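Shown next, in structure tokens, is the structure this report addresses.
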Amino acid sequence: MTLTQAEKTAVATIWAKVATQIEAIGAESLERLFSSYPQTKTYFPHFDLSQGSVQLRGHGSKVLNAIGEAVKNIDDIRGALAKLSELHAYILRVDPVNFKLLSHCILCTVAARYPSDFTPEVHAAWDKFLSSVSSVLTEKYR
Amino acid sequence: MVHWSAEEKQLITSVWGKVNVEECGAEALARLLIVYPWTQRFFASFGNLSSPTAIMGNPRVRAHGKKVLSSFGEAVKNLDNIKNTYARLSELHCDKLHVDPENFRLLGDILIIVLASHFARDFTPACQFAWQKLVNVVAHALARKYH
């Protein structure tokens, strides 16, 4: 799945806004994930998942910063996320279905915070981009 | 039978009360066709679907979106009997329309995103939870009569 130039631009434009609120958007995305899909909490038995917790905010930032790396290296997401890909394959082993769930929650968060920017074209570009990121993170699973 | 807490029912009906069914329905269906272009396979007779602009402005897409979301309203009105509410539509989608039930899940998630963009901060995680549950139940009911 390759992104067109227009799609890459759409991804970068929204990212510029998201980057100003990485912690808040990361935390909200995870909050939506754990709330709508409680089974995802099974990967975080060691976390305090209450709203606004330090761990939630920290982990949300971590996840979004990694997405930021993918945006910055949009022509080589595989290279940019190689280490993370191995981490997910060999250590974390998060079931692949969960990447779709988190991607959906990130889209909801972005849509709720930037409704006028989240046009159908931008929505399509981001869905495709997050799908690409998810593919890279799961491609070494077996 | 699905159990709905009082809070879930309240979150669903209060959001639904503010939804412009025609606008939301049109937008949800259009986004489905734009974000997941393979879903256009069911709408070959709808005319111009060649670009996001064409899709958003296509009157048949808008009309059909309104029809689909209006039907959703039946689920909201009959939260305790969604299974039976959709029995006939389930048979229709299987026998006549030949729609893969995966598409119900895709449309449900798109609807959630449309609601998030319309209601912004009011579409809280708790709201999303109740609506994810609803779209799941509807998708399940629509797939139930498949054979």
Side-chain angles (χ1 to χ4, degrees), chain A residues 1 3-4 6-7 10-11 14 17 21 24-41 49-53 56 60 97 99-132, chain B residues 5 7-8 11-12 15 23-24 26-40 49-58 61-62 65 102 105-137:
Chain A
M1 185 180 341
L3 295 162
T4 64
E7 286 163 349
V11 169
I14 291 286
K17 298 184 186 241
Q21 298 193 280
I25 292 181
E28 185 180 329
S29 300
L30 288 178
E31 203 193 321
R32 287 181 184 276
L33 179 73
F34 296 136
S35 152
S36 282
Y37 309 106
Q39 69 272 22
T40 54
K41 292 190 286 189
L49 295 177
S50 56
Q51 194 187 34
S53 84
L56 207 59
V97 74
F99 292 91
K100 242 188 236 191
L101 304 181
L102 178 56
S103 297
H104 173 65
C105 290
I106 292 173
L107 292 180
C108 281
T109 304
V110 171
R113 285 177 182 251
Y114 308 108
S116 51
D117 297 293
F118 202 67
T119 62
E121 292 91 334
V122 167
H123 176 173
W126 265 83
D127 190 291
K128 197 169 159 184
F129 166 67
L130 290 177
S131 183
S132 242
Chain B
S5 73
E7 194 205 353
E8 286 163 1
L11 287 168
I12 289 169
V15 165
E23 284 306 317
C24 252
E27 189 176 345
L29 185 62
R31 282 183 187 252
L32 180 76
L33 300 176
I34 291 166
V35 177
Y36 307 116
W38 54 92
T39 57
Q40 292 169 25
L49 299 179
S50 60
S51 70
T53 314
I55 292 171
M56 293 289 286
N58 184 311
V61 170
R62 297 188 66 82
E102 178 59 22
R105 290 176 257 287
L106 289 179
L107 182 59
D109 277 351
I110 292 266
L111 176 61
I112 301 268
I113 289 176
V114 169
L115 292 176
S117 78
H118 280 229
F119 294 99
R121 311 314 301 274
D122 288 340
F123 197 68
T124 60
C127 238
Q128 182 180 346
F129 173 78
W131 275 85
Q132 296 285 171
K133 188 170 165 180
L134 178 60
V135 302
N136 271 357
V137 170

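Within every chain, numbering begins at 1; the chains are lettered A, B, ... in the order of the sequence lines, protein sequences first and strands thereafter. Note that the structure is predicted; figures quoted are calculated from it, not measured.
- Side-chain contact annotation: B:Glu27 with B:His118, donor-acceptor N/O pair under 3.5 Å present.
- Chain B is approached within less than 4.5 Å, heavy atom to heavy atom, by A:Pro120, A:Glu121, A:His123, A:Ala124, A:Asp127 from residues 120-129 of chain A, ordered by number.
- In A:Gln51, the CD atom is not crowded: 12 or fewer heavy atoms of neighbouring residues, nucleotides or ligands sit closer than 6.0 Å.
- In this structure, chain A has no heavy atom under 4.5 Å from any part of B:Phe119.
- At distances below 3.5 Å, at least one donor-acceptor pair connects side-chain atoms of B:Gln40 with backbone N or O atoms of B:Leu33.
- Contacts of B:Ile110 with chain A are made by side-chain atoms alone, with heavy-atom separations under 4.5 Å and no backbone atom involved.
- Looking only at atom types and distance, the side chain of A:Tyr114 has a donor-acceptor partner in the side chain of A:Gln21 under 3.5 Å away.
- With a 4.5 Å cut-off on non-hydrogen atoms, B:Ser51 does not touch chain A at all.
- Not counting sequence neighbours, the partners of A:Phe99 by the ring pair (Phe, Tyr, Trp, His ring centres under 6.0 Å) test are A:His88.
- Of all non-hydrogen atoms in A:Ser36 and B:Gln132, the two that sit nearest each other are OG-CG, 3.4 Å.
- For chain B, the option among A:Ala112, A:Pro115, A:Ser116 with the highest count of heavy-atom pairs below 4.5 Å is A:Ala112.
- Within 6.0 Å of CD in B:Glu7 there are 12 or fewer heavy atoms belonging to other residues, nucleotides or ligands.
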